[in-house]
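All of these numbers come straight from a predicted model, not from anything done at the bench. The figures here come from the full heavy-atom set of this structure, side chains too, leaving out hydrogens, waters and symmetry mates.
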Number of protein chains: 2
Amino acid sequence: MVEADKELTSAVEDYLKSVYAIEVEGGRATTSALAERMSVSAPSATAMMKRLDELGLVERAPYHGVTLTKKGRLCALEVLRHHRLLELYLADSLGMSLDEVHAEADRLEHVLSENLEARIDAALGYPTHDPHGDPIPDSSLRIPASTSRSLVDLDLGDTATVARVPDGDAALLRYLSEIAIVPGQELELVKAAPFGGPLTVRTGTGEHAIARELAATVGIESSLSTDA
Amino acid sequence: MVEADKELTSAVEDYLKSVYAIEVEGGRATTSALAERMSVSAPSATAMMKRLDELGLVERAPYHGVTLTKKGRLCALEVLRHHRLLELYLADSLGMSLDEVHAEADRLEHVLSENLEARIDAALGYPTHDPHGDPIPDSSLRIPASTSRSLVDLDLGDTATVARVPDGDAALLRYLSEIAIVPGQELELVKAAPFGGPLTVRTGTGEHAIARELAATVGIESSLSTDA
DNA sequence: GATGATGTTTAGCCACTACTAATTCCCAAT
DNA sequence: ATTGGGAATTAGTAGTGGCTAAACATCATC
């Protein structure tokens, strides 16, 4: 804690988000992985990782990628909290659709004051999950464990409730919304093609075949209580 | 219309706001006026005015200041619309106080999509004035004429309704709120010290003497109809 | 009409964030 | 143990937006 917390630029925050996301997915945050995710060239990613290292936000091993420091992880979680609170607020309070909220939140997240963050949090009743089903870090930046089961874990005939859909791809989210695969909706696995083929699910809008890789990104929880 | 509308940076938008504000106040947008208002050095202001000129946003006469082009005025009005819609939304829908909304809106205004702007506009019922009483440009960027009478135009014993308070100075707004000089409140002029001295007004919280220069920035309208 | 105060611009600099081209490193395969 | 290919880094450049110091216009005053 030698230095006071300086304001981070939007670019720094965006890179931190990417490093965090890669770590959560279990990968090592390499230059190429970062560059890919941020849609920048490899040298740009290298330069930024040097800066993050100097800022004490990551631990950098040249040629071997970076890992978040405690400080870096907290900054990433703060931005993630902003992002997910905003997504939920835009969806619930302003009626934006699932596929629109991500891009908007991506810009707003960097200019949200702590004051406004707290007001939004309160207005939403201190929510724990965003509209895609992803967990929202609380005000102490603790984050609930996310659902571990996905659509591919269902057996034929099983029913479940959608708990999470992947964020960030607007076209994909529009498609999933069309076929009623959105958090809270019930569905049933009715067919599973062999050899890694598509899964067919029955939703409120009928039966739909979706690729197995896509199904793996759809989180579910058991439809335990249909009753109150 | 040679070039497509490129995205303007936040800095460009901020300078446009300042040029607009200076023009509305009837002044010429000189380098020093801009530098003062933006809290930057004179050379920084000169450099930016060159850029705005190249972008076709202002007409620049070296050593004599700039004037907004039609395109520049529309950009300024667009940002102003964002700013004032946000101020009203933050105050009305999220309970922020009059002195807090300006700083927050100053950051959010640059990252508001047209989609979100429209949703906020609708949620507020297509308002015409922000919480400080300043007019909000409509979706075609037409702006209602603002109140022309101020507190200094009152005669002794007159009552009026506060229509506008100056935006941007949080400490001043906290003070005005304390003494109940906020848009919508009634007041009466009870004393006017000679030789440009302070005016004393009776508000909901008692009698308060305020400097004549401050009084000149408080817009009023006649309290015509106290009845329904 | 010359002059000097004031305001404006130029010159040269720095930080941030991106890029391409060229180089260097690492590791796996021979 | 060497080598080749892919990944990462360095080198050099560009645009944005800020700064100080120095040079230059403008205009009111004499």
Side-chain angles (χ1 to χ4, degrees), chain A residues 3-19 22-23 25 27-67 72 75-76 79 106-107 109-111, chain B residues 3-19 22-23 25 27-67 72 75-76 79 106-107 109-111:
Chain A
E3 328 196 349
D5 284 343
K6 277 194 304 186
E7 287 304 312
L8 302 178
T9 64
S10 296
V12 166
E13 289 182 349
D14 282 336
Y15 277 94
L16 283 176
K17 271 202 305 179
S18 287
V19 176
I22 291 170
E23 288 190 357
E25 291 168 13
R28 187 155 188 82
T30 62
T31 296
S32 46
L34 260 316
E36 159 85 25
R37 207 175 271 259
M38 295 288 300
S39 302
V40 298
S41 67
S44 299
T46 295
M48 183 56 94
M49 288 310 106
K50 275 190 194 169
R51 260 172 55 63
L52 295 192
D53 190 14
E54 281 159 17
L55 290 169
L57 297 167
V58 302
E59 201 74 42
R60 182 170 114 98
Y63 293 97
H64 295 283
V66 299
T67 49
C75 290
V79 179
D106 255 359
R107 295 194 310 276
E109 64 190 5
H110 303 297
V111 295
Chain B
E3 327 197 347
D5 283 344
K6 277 193 304 187
E7 287 304 313
L8 302 178
T9 63
S10 296
V12 167
E13 290 182 349
D14 283 336
Y15 277 95
L16 284 176
K17 271 201 305 179
S18 287
V19 176
I22 290 170
E23 289 191 357
E25 289 168 14
R28 187 155 189 82
T30 62
T31 297
S32 47
L34 261 315
E36 158 85 26
R37 207 175 271 258
M38 296 288 300
S39 302
V40 298
S41 68
S44 298
T46 294
M48 184 55 94
M49 288 310 106
K50 275 191 193 168
R51 259 171 57 61
L52 294 192
D53 190 14
E54 281 158 16
L55 290 169
L57 298 166
V58 303
E59 201 74 44
R60 183 171 112 97
Y63 292 98
H64 295 283
V66 298
T67 49
C75 290
V79 180
D106 255 359
R107 294 194 309 275
E109 64 190 6
H110 304 296
V111 295

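Residue A/L52 holds its CG atom at 12.0 Å from CD of A/E59, rounded to the nearest 0.5 Å.
The CZ-P distance, from A/R28 to C/dC27, rounds to 11 Å in whole Å. One can place NE2 of A/H110 at 11 Å from P of C/dT17, the figure rounded to the nearest angstrom. For the pair A/L16 CG and C/dT17 C1', the computed distance is 15 Å after rounding to whole Å. Spacing between atom CZ of A/R60 and atom P of D/dT9 amounts to 5 Å, rounded to whole angstrom units. A/M49 has its CE atom 10 Å from the P atom of D/dT9, to the nearest Å.
Residues passing the side-chain contact (heavy atoms from CB on, under 4.5 Å) test with B/E23 are B/V19, B/T67, B/L68, B/R73, sequence neighbours excluded.
Between B/C75 and B/L57, the shortest heavy-atom contact is SG-CD2, 3.9 Å. Nearest heavy-atom pair, B/H110 versus B/V79, reported as atom, atom and distance to 0.1 Å: CE1-CG1, 4.5 Å. When all heavy atoms of A/L16 and A/A76 are compared, the pair lying nearest together is O-CB, 3.9 Å. The two residues B/E109 and B/K17 make their nearest non-hydrogen contact at OE2-NZ, 2.6 Å. Nearest heavy-atom pair, A/A42 versus A/T31, reported as atom, atom and distance to 0.1 Å: O-CG2, 3.5 Å.
Among residues at least two apart or in separate chains, there is no salt bridge (Lys or Arg N to Asp or Glu O under 4.0 Å) pair with a member in residues 39-48 of chain A. Applying the salt bridge (Lys or Arg N to Asp or Glu O under 4.0 Å) definition to pairs two or more places apart or across chains, none involves residues 42-53 of chain B.
Salt bridge annotation for A/E25-A/R37: present, with a cationic side-chain nitrogen under 4.0 angstrom from a carboxylate oxygen.
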Would you tabulate the pairs of protein nitrogen or oxygen atoms and nucleotide nitrogen or oxygen atoms of nucleotides 12-17 of chain D closer than 3.5 angstrom?
| from | atom 1 | to | atom 2 | distance (Å) |
| --- | --- | --- | --- | --- |
| D/dG17 | OP1 | B/T9 | OG1 | 2.3 |
| D/dG17 | OP2 | B/R51 | NE | 3.1 |
| D/dG17 | OP2 | B/R51 | NH2 | 2.6 |

Atom pairs under 3.5 Å: protein N/O with N/O of nucleotides 21-23 of chain D:
none

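Of the residues in residues 33-42 of chain B, B/A42 come within less than 4.0 Å of DNA chain C through at least one heavy atom, sorted by number.
In terms of phosphate contacts, B/K50 brings a side-chain nitrogen or oxygen within less than 4.0 Å of OP1 or OP2 of C/dT10. Distances shorter than 4.0 Å separate none of the side-chain N or O atoms of A/T46 from OP1 or OP2 on D/dT10.
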Audit row: A/V58, A/M48, side chain to side chain contact (heavy atoms under 4.5 Å, CB included) steps and yes/no: CA-CA 11 Å; A/V58 302; A/M48 183 56 94; over 6 Å; no
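Counting any heavy atom pair closer than 4.0 Å across all strands shown, A/S32 reaches sugar-phosphate atoms only and no base atom.
Each of A/A47 and B/A45 has a nearest nucleotide on DNA chain C; the 5'-most of these lies closest to B/A45.
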